[in-house]
Amino acid sequence: MYGCPGRGQPFFGKRLDVIPVGEWNIFPEGRPLMIAGPCSAESEIQVMDTARGLKSLGINVFRAGIWKPRTHPNTFEGVGAPGLKWLQRVRSELGMKVCTEVACGKHVFECMKYGVDMVWIGARTTANPFLVQEIADAMRDVDLPVLVKNPVNPDLDLWIGALERFMQTGTRKLGVIHRGFSSSGKIKYRNSPEWQIAIEMRSLFPELPFFCDPSHMGGDRQYVKEISQRSLDLGLDGLMIESHCDPACAMSDAAQQLTPEALGDVIRGLIVRRPDSDSPVYKENIDQLRAQIDAIDENLLYMLSSRMKISRKIGEYKRDNNIAILQTSRWDSVLEKVTAAGAGYGLPEHFVKAVFNAIHEASVQVQNEILSGTDSK
Ligand code: PEP
Ligand code: MN
């Protein structure tokens, strides 16, 4: 029975009662499942030009934001309902399926009026249970597939809670999109991947189609390929990528959008790891495990650098107060604490000690440099 301890009632049964994505009548056969289109629908010409370019790549599912949640007021907040007519034209002229973001019940009703094929819930909306409930209620008894993006904050439970709301109101064509999480620290990407959260979500609900949105995760078109590959390496099912016929002129998210041509290059360069690949099962498993290890290593490095920054601050504080670097009792108690905690995680004592001694050594060295005035920063 699925249910995290302390999370309240276990939810439904072992597996969610969802309809397999192959039966949604949205995506063509094969992997990755592809969704592409501009961040925002801006004009009929921009929508049609972009859609034609994508169609020629063999992409069959078109995205475009009609209502845009923007950080600042008085910026472009989407063209609103009139843009739905342009999506209708994409459907009828190009035979593509169309999807857009809904952020309240009214958006759902507008989408249904114009025959939108699928909707997604944006990261800011997933973080708001009242709005998710309103949308789920609006979709009650409607056969509309929905993809739920992760909330902006790295909270797996909040993400799962949104899925639960849709399940409870009868949505059975349900999937998720990983677009990364806001971070207060300075990181390479616009949103921190926190792959371990995606991996946990995937293992809890392997039956849900799982997309990655490398555009919002990376925040820059140069990262779309590496993030897409990473997510395919992890075995995710699909990609949602922003594409604009003229990215430089885009009214939102200009830096992260690719022309359809450039997107074609990215897609052709991707290595798709199919579960039914004829390569040996063993190799497939190893590759996926290694991708997880790489993601965790990246997190470890980030954590180590955060720890080092604090060590540096402590060094400066000791210097200003004329205090010696080493207080052996403090270090003894840290070692005692981490080896005990490590044992709780099943880690051998010698391993934990070796790791923490190395960390301590580096941090003493940094403080030494600070006290002696030889540090480079
Ligand atoms: C979007 O897909 O255009 C969007 C606003 O994404 P997110 O909710 O992930 O920020
Ligand atoms: Mn966008």
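Counting starts at 1 for both ligands and their atoms, in listed order. As the structure is a prediction and not an experimental result, all values here were calculated from the model.
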Quick one: nearest non-hydrogen protein atom to [atom], plus distance?
atom: atom 4 (C) of ligand 1; result: His216 NE2, 3.4 Å
atom: atom 7 (P) of ligand 1; result: Lys149 NZ, 3.5 Å
atom: atom 8 (O) of ligand 1; result: Ala123 N, 2.8 Å

In ligand 1, which numbered atoms sit nearer than 4.0 Å to a non-hydrogen atom of [X]?
X: Lys68; value: 1 (C), 3 (O), 5 (C)
X: Arg179; value: 7 (P), 9 (O), 10 (O)
X: Arg124; value: 7 (P), 8 (O), 10 (O)
X: Glu101; value: 4 (C), 5 (C)
X: Gly122; value: 8 (O)
X: Glu242; value: 3 (O)
X: Trp120; value: 2 (O)

Between [X] (side chain only) and [Y] (backbone N and O only), is there a donor and an acceptor less than 3.5 Å apart?
X: Glu134; Y: Gly105; value: yes
X: Thr171; Y: Met167; value: no
X: Glu207; Y: Leu16; value: yes
X: Glu194; Y: Phe181; value: no
X: Asn150; Y: Arg179; value: yes
X: Asp155; Y: Leu158; value: yes
X: Thr374; Y: Ile370; value: no

* Asked: Would you call the rings of Phe210 and Trp159 parallel, tilted or perpendicular, where under 30° means parallel and over 60° means perpendicular?
  -> perpendicular
* Structure fact -> Excluding water, the protein N, O or S atoms sitting under 2.8 Å from the Mn ion (ligand 2) are Cys39 SG, His216 NE2, Glu242 OE2, Asp253 OD2
Please tabulate, for side-chain N and O atoms in residues 321-328, each donor-acceptor pair with protein atoms closer than 3.5 Å (sequence neighbours left out).
residue, atom, partner, partner atom, Å
Asn321, ND2, Tyr317, O, 2.8
Gln327, NE2, Ala324, O, 2.7

* **Sole residue of Glu242, Gln222, Arg221 in side chain to side chain donor-acceptor pair (under 3.5 Å) with Gln256** => Glu242
* Does the side chain of Gln46 pick up a donor-acceptor pair with the side chain of Asp246 at under 3.5 Å? -> no
